[in-house]
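Accompanying notes for the structure given below.
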Amino acid sequence: GIWRQTRALLFKNCLVKCRTKKSSVQEILFPLFFLFWLILMSMMHPHRKYDEVTNTNLGTLDTSVVVNFVIGYTPPTHAAREIMKKVAFDYFEDGIITEEYLSEEELQEASAFKPSNFVGVVFTDAMSYQLRFPDSVAMSAIYMESR
């Protein structure tokens, strides 16, 4: 029955492997060669570990740079309004001008007509945002430990 068929199949496979020694050796050595190659490449490009940055006092903000600064933001949600109010009044003595827009398209149109001191803030969700400068988008940098 099944045992005799299994034994015959194993015997046939052993005969094939013995008769084709070159391909059998290649089946064993090629994976070992690629494994060695991967280990060698990972040793040539070691993982970088970034240390923690200690808390430091950066000093006061030079507010002369942000005189007549306009910040537009979208979408006008309650959380976005609170964040922009905190940015405008808690961090600057005179406050900066904040404008809310209903959509990202309106924000882009407004930035086209405003001077170069306009910055757009697009809140993608409750915890992240993108800054929009005239004719460009600034994305946050993502640091990764390894490739």
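Computation of the quantities below employed the complete heavy-atom set of this structure, encompassing side-chain atoms and omitting hydrogens, waters and symmetry-equivalent molecules. Everything numeric here is computed off the predicted structure, so don't read it as measured data.
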So do Phe123 and Ile83 actually touch side chain to side chain, heavy atoms under 4.5 Å? yes
Check: Going only through I, L, V, M, F, W and Y residues with side-chain contacts under 4.5 Å, is there a path from Leu35 to Met43?
Finding: yes
Requested in this report: Measure from the side-chain N and O atoms of Thr77 to the backbone N and O of Ala80, and report whether any donor-acceptor pair falls under 3.5 Å.
Outcome: yes
So CG of Leu10 and NZ of Lys12: to nearest 0.5 Å the spacing works out to 10.5 Å
OH (Tyr101) and CD (Gln108) are apart, to the nearest 0.5 Å, by 12.0 Å
Is the closest side-chain heavy-atom distance between Val119 and Val70 below 4.5 Å? no
Between the CD atom in Glu105 and the CD atom in Glu109, the distance rounded to the nearest 0.5 Å is 8.0 Å
message = If you define the side chain from C-beta out and look only at heavy atoms, does anything of Leu102 sit under 4.5 Å from Pro76?
response = yes
d(Leu38 CG, Phe33 CZ) to nearest 0.5 Å is 10.0 Å
To the nearest 0.5 Å, atom CD of Glu27 lies from atom NZ of Lys22 at 13.0 Å
- Item | Cys18 backbone acceptor or donor facing Lys21 side chain under 3.5 Å | yes
**Prompt:** Is Ile28 reachable from Val25 through a run of hydrophobic residues whose side-chain heavy atoms are each under 4.5 Å from the next?
**Reply:** yes
Smallest heavy-atom separation, Thr124 atom then Ser128 atom, equals OG1-OG, 2.6 Å
Worksheet entry | Thr98 side chain vs Ile71 backbone, donor-acceptor pair below 3.5 Å | no
Separation between CG (Leu107) and CZ (Phe118), nearest 0.5 Å, reads 5.0 Å
Met44 with Trp37, same ILVMFWY side-chain cluster at under 4.5 Å:
yes
Check for a donor-acceptor pair, side chain of Thr74 on one end and backbone N or O of Val122 on the other, with a separation under 3.5 Å. no
